[in-house]
Student: 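One structure is given below, represented as structure tokens, and several questions about it will come after.
Numbered from 1 within each chain, the chains take letters A, B, ... in sequence-line order. Because the structure is predicted, anything quoted here is derived from the model rather than measured.
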Amino acid sequence: MSLTLSVDTARSSLQATSEQISVVSRNIARVNDSDATRKTATLVSGPGVGVSIPSIGRTSNQLLFNAYLTANSSNQAQTSITSALDQLQNTVDDTDAEHSPAALMAKLGAALQTYSGDPQNSAVAASVVSAAKDLSNALNSASATVTQVRQQADSDIATSVSNINSLLTQFQTLNNQVIKGTSNGSDITDVLDARDAVLKQLSTEVGIRTVTRDNGDMAIYTDSGVTLFDKSPRQVTFQQTPNLAAGATGAAVYADGVPIAGTPHVMEIQSGKLAGLVSVRDDVSVTYQSQLDAMAGGLINAFAETDQSATPTLPAAAGLFTYSGGPALPPSGTLVPGLASSIKINANVDPAQGGDASLIRDGGISDPGNPAYTYNTSNGASFTGRIQGLISSLGATQTFDASTQLPTSSSLSDYAKNSVSWLEALRQSAGAEADYRSTVAQRAASSLSQTTGVNLDEEMTNLLDLERTFQASSRLINTVNDMLTTLLQSFS
Amino acid sequence: MITPTFISTASLSSETKASIARIQQRLVDAQTELSTGRYADVGMTLGAQTGVSVSLRQDMDQIQSIKDTNSIVLTRMQGSQAALNTLATTSQSFLNALTPAQSTGSIKDTLVQQAQASMQSLQDQLNTSLDGQYLFAGINSDVKPMDDYYGDPPSAGAQAIKNAFVAKFGMSPDDPNVSSISASDMQDFLNNEFSNLFSDANWSANWSAASDKPVNSRISRTETADTSVTANDNTFRQLTQAFTMISGLGFQNLNSATQQVVMQQATQLVSNGIGSLTKVQSFLGVTQQRVSDSNDQIDTQIDFLNKSIDGLESVDTAAVTTKISDLSTALEAAYAVTNRLSNLSIMDYLTS
């Protein structure tokens, strides 16, 4: 043991301490960065040469990290669905506001009842027409809302796909740096943080699983097992559909040539924003759209006019409500896509378009002047037979297409009511699910952050320790220097 | 350097941030609930049950409108009843005049005047209108049912009587020679030609523009009822026949035996008419009763529906108030904790 050796050791301690302080300062600098992990500089004491810091460590927890990725993906999928359902719910609105097709149907029924009490009054007839117009407008705008929700989902899918592609490209760069750093032993902790950050963002878009190899290389697969990245990024492709009107289907999303969403396939992804958006576009909205179409079809059929001749020869024709295919009736009980968007008031009965509102009482809306469709043959001003008939057919049992997921046999107003129930039930369960998943995701994020994040207090106390070590080592050098000086002086 | 219980500074602050946001969201909802008395998001809270609430409101709209139309219908029936009452009084006093006239024969001139007045009253009552609707016109409510019998030119009915008279006796009813008509000839005329003027077809052709079909109204969700009496009812035909018999066949110039025949026939018709008028009135009365019963029932239903909607959608105000105060306390606590945490830094205790 010599004094020189002591100075060497003290010097190595000074060096190591500076390096540790630099790690502390890195930690402190990124204290509020949720992607940053805590770095540690571990001292190694070698025989006779003091201390050294061979490498910088990184606090990571793969288990918690994977839990975070899964929770985040499933939360994002549910969030997309909930927000789409909230938009669809605008077509129903609060029960008290009475804007839903169901409520407006009841209003039309009430207007008809008022008209039946005062059939001679053309102002009351006009109020029936305006109630009918409110209803057809509500169906039109509800259908437009659904189309808009689908269109929005489709364009969000395109955004999501381009995000995935750009994230995969970023990932490639970072992954290469990790592989290189691992082989030559340089400090790659910050690169690893950046690579994990990309994975976190990727999990927002699509559910993923990762596999790490010995050299630090990482491969990414979707939660359904399709390769997204292995040595090089795989192309995720999607073709946006310009017009997603009722009945139109959107394109599928492909990764590495395999369909991962938008078409039934074994490799369908389960989570992530992409999965949620595709489910909004192809599932929930489509069903709701078909319910609106069924309502429109039911309305047109309920208000249809039949041949009143003694021996009927003419087919039944669209009356108060008609559509682009009128005056022929849409088939009852079978879904006709797009009816809700094209249903309208027959111009022959609309005073605003030069029509005669009292045709509701008399019949003949489909073909004014044609005696075959005239119900009020004696032209009585207080004839209520047709109006009563309309009130009854509004409440009569109809058959609806089974694909709309609602009871197939019910009255029109009950069908509309069931549709409200269907939507709100879905919204309630989706809301509860979203609450649950967001709590899980938040918990996962906070567990990850708690374990791998930086604690300022700890860094500060570490800094105190390091300061002490630095002081002590400096004092040691000083002391050795004093001793050597004393020795040299005693010789002179 | 890894301590057994470790927590990162970021998670410490993000945790309080998240909890403050959560509490604020719930506070906003609770405040909405307190101000409206209903759930902040009815659809979200009720879920599949929302349809029940929608359906209750549909029912409410429907029966409310039935109640509204019922009150219109009731007013109309009351108007009809009033007209029928007046007609009953008129007919009764005509009958009262007829009976002594048959025995004494002294007041035959006034009898003709009374017949004319009664006829006038009959057509006035049958032409009663309410809000532009003729109450006795059946479904042809926009058409005045009775033409003016005394109008100029004379109504089709008056003309038809005159023509029939001329065809039978070869002279006009105004001719003083009508005194030569025998009682048996007059009886024959009254029984056949004259009575035929009031048959279904001739009544509609000459006298009444009303429809045979009475106005039909829906008075409850399941019931419909005929809520008017039309001028084509046999009652009115009998009365018209009796009134015109005295006023339109040159009664004052007939010989007394023939007058006797006419008066006997008229008496019979008027008393029959009064009898069936009572039936018509009681028919309307029964319908009025049905409508007002239905209205009472609707009031009960509306009450029930309101309660059901309340039961589904309304919140317990007391509970919400407590919830709000709990949430405010929690929010204050969260603020206090945030403040404490931000003050609690090792930096304040480290001396350089």
Student: State the CG-OG distance between A:Asp118 and B:Ser217, to the nearest 0.5 angstrom.
Tutor: 10.5 Å
Student: Could you tell me which non-hydrogen atom of A:Ile391 sits nearest to which non-hydrogen atom of B:Arg218, and how far apart they are?
Tutor: CG2-NE, 3.9 Å
Student: For A:Ala102, is it the side chain, the backbone, both or neither that has a heavy atom under 4.5 Å from a heavy atom of chain B?
Tutor: both
Student: Is A:Asp96 close to chain B through its backbone or its side chain, or both, or neither, when contacts mean heavy atoms under 4.5 Å?
Tutor: both
Student: Any idea which of A:Ser100, A:Pro119, A:Ala425 has the most non-hydrogen atom pairs under 4.5 angstrom with chain B?
Tutor: A:Ala425
Student: If you count heavy-atom pairs under 4.5 Å with chain A, which of B:Asn216, B:Asp59, B:Ile309, B:Thr227 comes out on top?
Tutor: B:Asn216
Student: Heavy-atom distances under 4.5 Å only: say whether A:Val454 touches chain B with side chain, backbone, both or neither.
Tutor: backbone
Student: Quick check for you: among B:Met60, B:Arg76, B:Gln62, B:Gln64, which has the greatest number of heavy-atom pairs under 4.5 Å with chain A?
Tutor: B:Arg76
Student: Given a strict heavy-atom distance threshold of 4.5 Å, which part of A:Ser429 is in contact with chain B: side chain, backbone, both, or neither?
Tutor: neither
Student: Give me the atom names and distance for the closest heavy-atom approach of B:Gly51 to A:Lys417.
Tutor: O-CG, 2.9 Å
Student: What part of B:Ile66 gets within 4.5 angstrom of chain A, counting heavy atoms only: side chain, backbone, both, or neither?
Tutor: both
Student: Select one option (side chain, backbone, both, neither) describing which atoms of A:Thr114 are under 4.5 Å from chain B's heavy atoms.
Tutor: both
Student: With no hydrogens and no angle check, do the side chains of B:Thr69 and A:Gln113 hold a donor and an acceptor under 3.5 Å apart?
Tutor: yes
Student: What part of A:Asp93 gets within 4.5 angstrom of chain B, counting heavy atoms only: side chain, backbone, both, or neither?
Tutor: neither
Student: How about residues 29-45 of chain B versus chain A: which residues have heavy atoms under 4.5 Å apart?
Tutor: B:Arg38, B:Asp41, B:Val42, B:Gly43, B:Met44, B:Thr45
Student: Out of B:Arg57, B:Gln58, B:Arg22, return the one with the most heavy atom pairs under 4.5 angstrom to chain A.
Tutor: B:Arg57
Student: Select, from A:Gly431, A:Ala103, A:Gly117, the one with the greatest count of heavy-atom pairs under 4.5 Å involving chain B.
Tutor: A:Gly117
Student: Within this structure, what is the CD-OG distance for the pair B:Gln49 and A:Ser421, rounded to the nearest 0.5 Å?
Tutor: 8.0 Å
Student: Could you tell me which portion of A:Glu98 (side chain, backbone, both or neither) has an atom closer than 4.5 angstrom to a non-hydrogen atom of chain B?
Tutor: side chain
Student: Would you mind checking which part of B:Leu56 comes under 4.5 Å of any heavy atom in chain A, side chain (CB onward), backbone (N, CA, C, O), both or neither?
Tutor: neither
Student: For chain B, find its close neighbours in residues 432-446 of chain A: heavy-atom separation under 4.5 Å, sorted by number, or none.
Tutor: A:Gln442, A:Arg443, A:Ser446
Student: Side chain, backbone, both or neither: which part of A:Asp94 has an atom under 4.5 Å from a heavy atom of chain B?
Tutor: side chain
Student: Considering only heavy atoms, which portion of B:Asp68 lies under 4.5 Å from any heavy atom of chain A: side chain, backbone, both, or neither?
Tutor: neither
Student: Please give me the minimum heavy-atom distance between A:Gln428 and B:Leu46, naming the atom from each residue.
Tutor: NE2-C, 3.9 Å
Student: Give the minimum heavy-atom separation between B:Thr9 and A:Asn455, together with the two atoms involved.
Tutor: OG1-CA, 3.2 Å
Student: To the closest 0.5 Å, what do you measure between CD1 (B:Ile219) and OG (A:Ser116)?
Tutor: 11.5 Å
Student: Name the region of B:Ser14, side chain, backbone, both or neither, that has any atom closer than 4.5 Å to a heavy atom of chain A.
Tutor: neither
Student: Under 3.5 Å, is there a donor-acceptor pair linking the side chains of B:Ser141 and A:Gln120?
Tutor: yes
Student: Tell me if the CZ atom of A:Arg26 is crowded by more than 12 foreign heavy atoms within 6.0 Å.
Tutor: yes
Student: Do B:Glu313 and A:Thr95 have a side chain donor and acceptor closer than 3.5 Å?
Tutor: yes
Student: Taking all non-hydrogen atoms of both residues into account, name the closest pair between A:Val31 and B:Ala10 and its distance.
Tutor: O-CB, 3.7 Å
Student: Would you mind reporting whether A:Ser382 and B:Gln133 have side-chain heavy atoms less than 4.5 Å apart?
Tutor: yes
Student: In Å, rounded to the nearest 0.5 Å, how long is the span from CG of A:Asn379 to CG of B:Asp142?
Tutor: 7.5 Å
Student: Between A:Thr451, A:Asp457, A:Leu456, which has the largest tally of heavy atom pairs under 4.5 Å with chain B?
Tutor: A:Asp457
Student: Which heavy atom in A:Ser449 sits nearest to a heavy atom in B:Ser11, and how many Å separate them?
Tutor: OG-CB, 3.4 Å
Student: Assess whether atom NZ of B:Lys144 is packed by more than 12 heavy atoms of other residues, nucleotides or ligands within 6.0 Å.
Tutor: no
